[in-house]
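Worksheet: one structure, shown below.
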Number of protein chains: 2
Amino acid sequence: MEIGQVIQSKFRNSKHKAVVNLRYTANCLGNIQNSYMAKFDLSMPQFNILRILRGAQDVISVNAVKSRMVEKSPNTTRLMDKLIDKGLMERVRCESDRRVVYVSITEAGLNALKQIDEDDQSKLDFAGNLTETEAEALSDLLDKLRG
Amino acid sequence: MEIGQVIQSKFRNSKHKAVVNLRYTANCLGNIQNSYMAKFDLSMPQFNILRILRGAQDVISVNAVKSRMVEKSPNTTRLMDKLIDKGLMERVRCESDRRVVYVSITEAGLNALKQIDEDDQSKLDFAGNLTETEAEALSDLLDKLRG
DNA sequence: CAAAATTAATTACCGTGGTAATATTTACAA
DNA sequence: TTGTAAATATTACCACGGTAATTAATTTTG
C-alpha cells in the first residue's frame with residue numbers, strides 16, 4: 001500500500017513523504033523481524049548481539065560489540081544482562097585493564113544460533129519485493145540522505 | 001558515512017544491507033526529530049497527534065486519529081493522556097455511541113503548534129541531502145519493499 | 001608524582017512501541 | 001429477543017532506546 005493511503009494524509013513535498021515513509025517502513029520491518037524471532041524467545045537486538053559474539057571468534061569487549069550495533073546506547077549492557085540470564089553469553093573481567101569487560105557466547109548461545117540458522121530466515125532481511133539492484137539503489141539513497 | 005562502516009560489518013547481500021541501513025537511517029532521523037522537538041517540550045509522536053487534531057478542524061474520534069498515525073497501537077491513548085495533562089487537547093464522550101471518545105485540540109495546543117510553525121522546521125523532514133526527485137525514488141522503493 | 005581529564009561499563013530515569021486482556025457498548029443473528 | 005459477536009477505547013505488562021549521571025580504572029599533564 002502506498003504510504004499516503006496508509007496514514008490517510010497528504011505530504012508537503014517528496015522529502016516529507018520520504019521521511020514519513022522511511023519511519024513507517026522501518027517500523028514494519030521491525031515488527032516482522034520481532035514476530036519471527038519470538039518463536040526462538042529472542043528479540044532482534046538480542047539476536048544481533050549473539051551473532052556479533054559468534055562472529056568475533058574470541059572474547060570481545062563490550063565496546064567492540066557496541067560499535068557493531070545500530071544503536072550505540074547503554075542498551076547493550078541491558079540486552080546483555082538478559083542474554084546472560086538466559087545463559088546464552090557470559091562476562092569476563094579483563095585483568096590487564098580492569099575497566100574493560102569481555103563478553104563471549106556460550107555453548108547454549110551457539111546452539112540457539114544454530115537452531116535459527118537451520119530455520120528459514122527469509123523474514124529477517126525481508127525486502128522480498130525488491131531486486132538486488134533496487135536494494136542497492138535504496139542503500140545508496142539512504143546513505144546520501146544521512147549525508 | 002556508508003552503512004558498512006557505521007556498523008563495521010559486511011552484509012550477505014544487498015537486501016540484507018538495505019534492511020539494516022533502513023533501520024539505522026530511520027533511527028537517525030528519529031533522533032534528529034526528537035532532539036528538535038525537545039525544546040518545545042513535545043515528543044515527535046505527541047506533535048503528530050496535535051497536528052492531526054488541528055487538521056481535523058473538528059472533534060474527531062480516537063480511532064480516526066489512530067488511522068492517521070504510523071503506529072496503530074494503544075500508544076495513541078497513552079500519548080493523549082500526556083497531551084491532556086499538558087492541557088494541549090481534551091476528550092469528550094460521544095453521546096450517540098458511548099464506545100467512542102472524541103478528542104480535540106485546545107487553545108493552548110493551537111498556540112503550541114503556532115510556536116513551532118514559526119520556527120525553522122527544516123529538521124523535521126530532514127532529508128536535506130536528497131533532491132526531490134531522489135526523495136520520490138526513495139518513497140517508491142520503500143513502497144515496493146513493503147509490497 | 002598528584003590532580004585532572006578520559007575511558008569503559010553500568011545504572012537511573014525518562015521516553016516510545018507491541019501484544020494481550022479488559023470493560024463498555026453496540027450490532028447482529030438465531 | 002436474547003445471547004453472541006464485533007467494535008472502541010483503555011489498561012497491564014512486556015520490550016527496546018536515549019540522555020545524563022555514576023563508578024571504577026587508566027591516562028594525561030602540569
Side-chain angles (χ1 to χ4, degrees), chain A residues 23-50 59-86 89-103, chain B residues 23-49 59-67 69-86 89-103:
Chain A
R23 302 212 67 191
Y24 176 72
T25 305
N27 217 40
C28 288
L29 290 184
N31 289 344
I32 291 172
Q33 292 177 339
N34 280 327
S35 76
Y36 171 74
M37 292 307 300
K39 64 177 168 179
F40 300 107
D41 193 30
L42 284 175
S43 71
M44 198 58 200
Q46 287 172 9
F47 176 53
N48 274 330
I49 288 179
L50 288 183
V59 294
I60 182 179
S61 74
V62 170
N63 233 2
V65 174
K66 214 182 278 193
S67 72
R68 287 177 174 76
M69 296 184 66
V70 168
E71 299 88 14
K72 314 297 185 189
S73 73
N75 237 4
T76 310
T77 296
R78 292 179 292 229
L79 292 168
M80 287 178 174
D81 288 341
K82 288 170 192 170
L83 290 171
I84 290 168
D85 286 346
K86 293 177 187 170
M89 57 169 286
E90 53 193 8
R91 286 195 179 95
V92 183
R93 197 98 214 171
C94 168
E95 288 306 326
S96 65
D97 185 340
R98 296 181 53 73
R99 290 171 303 183
V100 174
V101 172
Y102 286 136
V103 285
Chain B
R23 300 210 67 191
Y24 176 73
T25 305
N27 217 39
C28 288
L29 290 185
N31 289 344
I32 292 172
Q33 292 177 340
N34 280 327
S35 76
Y36 171 74
M37 291 308 300
K39 64 176 167 178
F40 301 107
D41 193 31
L42 283 175
S43 71
M44 199 57 200
Q46 287 171 8
F47 176 52
N48 274 331
I49 289 180
V59 294
I60 181 180
S61 75
V62 171
N63 232 4
V65 175
K66 215 182 276 191
S67 72
M69 297 183 66
V70 168
E71 300 88 14
K72 314 296 185 189
S73 73
N75 237 1
T76 310
T77 296
R78 294 179 291 228
L79 292 167
M80 286 178 175
D81 288 341
K82 289 170 190 171
L83 290 170
I84 290 169
D85 286 346
K86 293 176 186 171
M89 57 169 287
E90 53 194 8
R91 286 193 179 96
V92 182
R93 197 97 213 171
C94 169
E95 288 305 327
S96 65
D97 184 341
R98 296 180 52 74
R99 288 172 302 185
V100 175
V101 172
Y102 285 136
V103 286

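Residue numbering restarts at 1 for every chain, and letters A, B, ... go by the order of the sequence lines.
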Could you work out which one of dT10(D), dT10(C), dT11(D) sits closest to the side chain of Val62(A)?
dT10(C)
OP1 or OP2 of dG18(D) versus the side-chain N and O atoms of Asn75(A): is any pair under 4.0 Å?
no
For a quick test of reading the model: is some side-chain N or O of Asn34(B) closer than 4.0 Å to OP1 or OP2 of dT16(C)?
no
Please tell me which of Lys66(A) and Arg99(B) maps to the more 5' nucleotide of DNA chain C, matching each residue to the nucleotide holding its nearest heavy atom.
Lys66(A)
Side-chain N or O of Asn27(A) versus OP1/OP2 of dT16(C): is the shortest distance under 4.0 Å?
no
Nearest whole angstrom, please: distance from the C1' of dT10(D) to the CE of Met80(B).
12 Å
Answer yes or no: is there a side-chain heavy-atom contact under 4.5 Å between Val65(A) and Met69(A)?
yes
Looking at Ser73(B), does any N or O in its side chain come under 4.0 Å of the phosphate oxygens OP1/OP2 on dG17(C)?
no
With sugar-phosphate meaning primed atoms plus P, OP1 and OP2, does Ser61(A) contact a base, only sugar-phosphate, or nothing at under 4.0 Å between heavy atoms?
sugar-phosphate
Return yes if some donor-acceptor pair links the side-chain N/O of Arg93(A) with the main-chain N/O of Tyr102(A) below 3.5 Å, else return no.
no
Gln33(A) CD to dT19(C) P: how many Å, rounded?
14 Å
Mind checking whether Asn75(A) and Arg78(A) have side chains closer than 4.5 Å, heavy atoms only?
yes
base_contact_polar (dG18(C) base, Arg78(B) side chain, donor-acceptor, <3.5 Å)
yes
Would you indicate whether the side-chain heavy atoms of Gln33(A) and Arg23(B) approach each other to under 4.5 Å?
yes
Non-hydrogen atoms of Ser61(A) and Val100(A) that approach each other most closely
CB-CG1, 3.8 Å
So does Arg98(A) get a side-chain nitrogen or oxygen closer than 4.0 Å to the phosphate oxygens (OP1/OP2) of dA9(C)?
no
Presence of Gln46(B) side-chain N/O under 4.0 Å of dT16(C) phosphate oxygens OP1/OP2
yes
Can you find a pair of side-chain heavy atoms, one from Lys86(B) and one from Asp41(B), that are under 4.5 Å apart?
yes
To the nearest angstrom, the CG-C1' distance between Leu79(B) and dT11(D) comes to 15 Å
Rounded to whole angstroms, how far apart are CE on Met69(B) and P on dG17(C)?
7 Å
Glu71(B) or Asn63(A): which one's nearest nucleotide on DNA chain C is closer to the 5' end?
Asn63(A)
What is the distance, to the nearest angstrom, from the CZ atom on Arg93(B) to the P atom on dT25(C)?
7 Å
Taken to the nearest whole Å, CD1/Ile49(B) to P/dT16(C) is 9 Å
Check the distance between dT8(D)'s P and Glu95(B)'s CD and give it to me in whole angstrom.
18 Å
Round to a whole Å and report the spacing from CD1 of Ile32(A) to P of dG17(C).
18 Å
Using a heavy-atom cut-off of 4.0 Å across all strands, would you classify Pro74(B) as base, sugar-phosphate, or nothing?
base
Under 4.0 Å between a side-chain N or O of Thr77(B) and OP1 or OP2 of dA9(D)?
no
